[in-house]
Protein chains: 2
Amino acid sequence: MAKSSAPSRERIVAGAADMISRRGLNATSIRELAKHAKAPLGSTYHYFPEGKQQLATEAVRYAGTAVERILRKELDAGPAAGLRAFLALWRGIVVDSDYRAGCPVLAVSVEEPPADEIPPALAAAAEAFEGWERLLAESLRAHGADRDQAAGVAALVVAGVEGAIAMCRAKRSMTPLDLVERQLEAVIAGAVGGGG
Amino acid sequence: MAKSSAPSRERIVAGAADMISRRGLNATSIRELAKHAKAPLGSTYHYFPEGKQQLATEAVRYAGTAVERILRKELDAGPAAGLRAFLALWRGIVVDSDYRAGCPVLAVSVEEPPADEIPPALAAAAEAFEGWERLLAESLRAHGADRDQAAGVAALVVAGVEGAIAMCRAKRSMTPLDLVERQLEAVIAGAVGGGG
DNA sequence: CTCTGGCTATAACGCTCGTCATAGTCTAGC
DNA sequence: GCTAGACTATGACGAGCGTTATAGCCAGAG
């Protein structure tokens, strides 16, 4: 009993993140998600008894921490190396999916919350963005940028990359991400060099 | 007969753009859209016989050219003024909607195209982005930036603002847009001043 | 007045949605 | 072998979807 076939559960979460990154949250149905993750529909409600909301929240957190892990590792070699890894990660997702997939965190961020409450998935998206920004800002500060400048540059990096991913999908071309990468490299160089 | 109550038609398109900017394309239903635009459901298929696809395409074009018009006007006073107007526009939309609305062009860009064809709405989104970038790049070049730098900065501006809008919605805070604005001002100043 | 044609109202089609309930299968522990 | 509990299979519920069809309204042309 205590086994709890975790691979199945994790496969569902990962599949949800992928599917949300392609179609958006509202357009992702649990039925198709189960099929995509090769899991029975009944299992999704077994593992995620709170339904779609819980599934979406865990998918966003899953993607957020996965990116955070990569970022944390690559930022050891400095902010510029972290930027390169961050971009390479998204580039791979966009290219491998033939411009069909993007960032699940962004996808959740751009859907209107119902009524007057903020759904946990949206809060998870905010936390993901904050985590990425914090890691970037810390690395920038550690390499000579002053506090305000670090926060600003970190926000610009995350916003610019997220926006560029969407632009690449619309244009079916990697040009926006390429252009943005070059600009962000210069901004980071200026921030760690020039200080403020 | 020749009257063709155009105000009704335009109200539907504008309502579609607003609704898409809040909920995304797939999650926007024609029934709710008609209600939101105070138009009868039958009228939507009368004005847009190709259905939702045509409606989405026109909505994206409507938003794209509206922004272009503002951009074109404000860029007369230079790239920095254009950036300020661009940001003020989105800031108004995000704040007035209490973080519920964003950019309809972005919303369309992040939804997976069906099968193997590219829907016209997605193509319209790409054109909207290209239009904004082109106007920004032209203004930058006219004020001393060299060709490559202008294209890069223009892409960064559009990507950064689009990404920041989404981040603001997730965090329910205008901080990302504020931070990005300051960074983009500096980038533009560097591009028109330093040249390359 | 009649008639025409743009617009609207209403109902229906087949489909998918999120969610729940129920019954069944399989394995781990005794 | 047997029971308990984790997992799966299946089907149903009401609701909403995009779209179409049909009939009705109502201003302007003749």
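Letters A, B, ... are given to chains in the order of the sequence lines, protein chains preceding strands, and every chain is numbered from 1. On a predicted model such as this, the values are computed, not experimentally measured, just so you know.
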B/K35 NZ - C/dT10 P separation (whole Å): 13 Å
Members other than A/L41 in its cluster, when Ile, Leu, Val, Met, Phe, Trp, Tyr link by side-chain heavy atoms under 4.5 Å? A/I30, A/Y45
Partner residues of A/E111 under the salt bridge (Lys or Arg N to Asp or Glu O under 4.0 Å) criterion, sequence neighbours left out: none
Under 30°, 30 to 60°, or over 60°: which ring-plane class applies to B/W132 and B/W90, parallel, tilted or perpendicular? tilted
Could you tell me how far apart A/E10 (CD) and D/dC7 (P) are, to the nearest whole angstrom? 15 Å
I need a per-nucleotide contact map over nucleotides 13-18 of chain C, read 5' to 3'. Cutoff is protein heavy atoms under 4.0 Å; write B for the base, S for backbone only, - otherwise. ----BB
For A/Y47 and D/dT8, what is the distance between atoms OH and P respectively, to the nearest whole Å? 5 Å
Residue set satisfying salt bridge (Lys or Arg N to Asp or Glu O under 4.0 Å) with A/R61, at least two apart, ordered chain then number -> none
Please report the distance, rounded to the nearest Å, between CZ in A/F48 and P in C/dT19. 13 Å
Could you list all the salt bridge (charged side-chain N to carboxylate O under 4.0 Å, His left out) pairs where at least one residue sits in residues 77-91 of chain A, not counting sequence neighbours? A/R91-A/D178, A/R91-A/E181
Would you please name every residue forming a side-chain contact (heavy atoms from CB on, under 4.5 Å) with B/Y99, sequence neighbours left out? B/V94, B/R172, B/M174
Could you state the CG-C1' distance from A/L41 to D/dA12, rounded to the nearest angstrom? 12 Å
Out of D/dT19, C/dT19, D/dA6, which nucleotide sits closest to the side chain of A/H46? D/dA6
Nearest whole Å is fine: how far is C/dG6 P from B/I12 CD1? 16 Å
